[in-house]
Amino acid sequence: MTSTGIRLHAPAPGWSIAADVVVVGSGVAGLTAALRCEAAGLRTVVVTKARLDDGSTRWAQGGIAAALGEGDSPAQHLDDTLVAGAGLCDEEAVRILVTEGPDAVRRLISTGAHFDTDDEGDIQLTREGGHHRRRIAHAGGDATGAEVSRALVEAVHARGLRTVENALVLDLLTDADGRTAGVTLHVMGEGQHDGVGAVHAPAVVLATGGMGQVFSATTNPSVSTGDGVALALRAGAEVSDLEFVQFHPTVLFLGADAEGQQPLVSEAVRGEGAHLVDGDGVRFMLGQHELAELAPRDIVAKAIMRRMQEQDAGHMFLDARHFGAAMWEHRFPTILAACRAHGIDPVTEPIPVAPAAHYASGGVRTDSRGRTTVPGLYACGEVACTGVHGANRLASNSLLEGLVYAERIAADIAASRAEHGLPAREPAPVGRPGRPAHPLLGPEARFAIQRIMTDGAGVLRSDESLAKAADQLRRLDTEARDTLGENGKTAEPGVDTWEATNLLSVARVLVAAARVREETRGCHWREDRPDRDDATWRRHIVVRLNPDRTLAVRTTDTADFPPTRQHRPQEQ
Ligand code: SIN
């Protein structure tokens with residue numbers, strides 16, 4: 001058994017666990033996949049980089065979009081999703097999402113999640129950008145993710161699932177035929193599983209979340225460093241649509257130099273009637289789109305950026321003083337507390353807001369059953385590119401996508417086992433990795449990458465800014481390689497050095513894809529190519545890492561998506 005593809009510097013595994021499935025990540029997608037796999041009788045292990053409830057899911061505010069309300073339908077949800085996706089959604093993937101979504105939400109409720117209800121006990125629904133109807137279910141007012149995470153973590157404990165926390169995933173293991181055989185991990189402070197080890201399993205589900213930390217200011221927690229995409233690239237899997245990074249329009253503005261995770265001000269605040277105003281108090285979204293403040297979020301983010309440029313301002317304002325104290329306290333307690341913690345009282349003053357990196361619409365390329373282009377490797381949630389989001393994710397479709405596609409993955413693994421049986425795999429020592437193909441970056445590289453990406457590949461991009469970013473990233477890469485070449489040294493393996501190295505991998509691909517896409521579409525905004533060009537660019541940019549670490553970039557049209565089934569074991 002070998003570590004597949006390109007290997008980074010990792011010592012030999014010292015311990016191992018055998019399982020049928022290993023799920024990497026513990027947000028809505030990972031825990032849903034794990035619970036469904038366990039319910040199907042599969043020996044399931046969940047590994048996660050921090051604690052079980054430390055991922056992005058817990059920070060989701062607005063909610064889960066699903067056609068649950070009277071007069072709504074999956075067809076209407078489909079239409080809104082396709083419009084937001086700006087011509088690049090895979091319609092079949094969206095159809096699956098919106099038709100299977102309502103029942104997936106009901107199953108989440110059966111698992112123990114409590115959504116806000118009205119006096120009759122019906123789920124309360126709100127609106128967000130791009131939705132023509134109230135279809136966003138929420139919990140605790142604006143604490144939907146925290147409630148979903150609580151319910152799933154409790155269910156995982158109640159079902160006695162095996163979990164390994166503080167476990168940074170390193171690389172995919174493959175067998176002699178190139179099929180998935182597990183993952184290597186670096187675990188910190190977890191007793192018998194301390195240090196580097198491996199979980200051997202013929203199915204690996206990546207549910208590692210996003211990569212928002214590739215930019216200086218983001219709504220994502222510090223753990224969102226693109227680990228799953230970087231692992232998949234090293235394993236030879238295809239990634240797609242990485243240029244489509246969504247910038248949330250209304251993030252609490254804490255100063256031009258603010259870095260790291262920033263407090264989100266949910267779209268639901270606009271859904272309940274808040275207005276965006278400029279420095280002169282003018283509602284600048286009126287007349288720009290039929291939905292005004294509730295236009296799809298790429299349109300709102302661009303309008304905010306434009307007005308900021310016109311007024312030479314670092315932010316705009318979100319005015320919801322008319323809600324009054326009682327509504328703020330009942331409906332948006334999390335946002336109210338975050339604003340007040342930073343000295344802003346939304347009950348009496350407008351909230352300063354600016355766009356910040358929020359969501360990766362692209363990721364590891366999958367088909368409609370969550371299968372990647374590597375046999376036995378699956379992906380769901382933000383790390384995946386199922387084709388649902390296209391060039392711009394519709395608000396609150398992400399928790400839903402995590403639920404629906406995690407369930408489909410569990411069903412596929414269970415069906416595959418029922419049909420063919422899973423190969424029995426005993427824990428086996430993994431050959432000691434040889435000389436590292438590339439050194440780990442020092443932890444300080446994280447901040448250099450964030451600055452490069454924010455300046456060159458942020459909300460506004462041009463060929464010039466992207467070329468500069470590509471050049472700076474190349475220099476970081478070369479410097480690290482030269483160090484290795486000269487004296488064989490590498491940064492000490494640890495979470496911070498792996499995270500910095502993973503961030504560089506995803507940044508390189510993101511910039512390469514953004515340079516190739518010479519148009520403006522969805523959340524990809526090229527100042528030098530301001531128009532959408534359907535004739536040339538109604539296509540996906542798909543990237544793979546070559547064994548020599550160069551990038552293989554190709555484009556494919558929507559008809560060619562999802563990929564062919566070359567990785568289906570029984571079809572080989
Ligand atoms: C929000 O509450 O505005 C975020 C929802 C989302 O990103 O889907």
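Numbering of residues begins at 1 and proceeds along the displayed sequence. Just so you know, ligand 1 is whichever comes first in the structure, and atom 1 is the first atom listed for that ligand.
Ring-centre distance between Phe317 and His275: not below the 6.0 Å cut-off.
Remark: Arg517 pairs with Glu243, Glu519 by the salt bridge (Lys or Arg N to Asp or Glu O under 4.0 Å) rule, at least two apart or across chains. Contacts of Glu310 classified as side chain to side chain donor-acceptor pair (under 3.5 Å), with partners at least two apart in sequence or in another chain: Arg307.
Looking at every heavy atom in both residues, Cys89 comes nearest to Val94 through CB-CG2, 3.8 Å.
Sorted by first and then second residue, the pairs that involve residues 64-74 and meet side chain to side chain donor-acceptor pair (under 3.5 Å), not counting sequence neighbours, are Asp72-Arg135, Ser73-Gln76.
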Does the pair Arg283 and Glu293 meet the rule for a salt bridge (Lys or Arg N to Asp or Glu O under 4.0 Å), with working shown?
CA-CA 9 Å; Arg283 263 186 86 182; Glu293 279 91 351; 2.8 Å; yes
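Listed by chain and residue number, the protein contacts of ligand 1 are Gln61, Gly62, Glu128, His248, Leu264, Ser266, Glu267, Arg297, His358, Arg393, Ala395, Ser396 (heavy atom within 4.0 angstrom).
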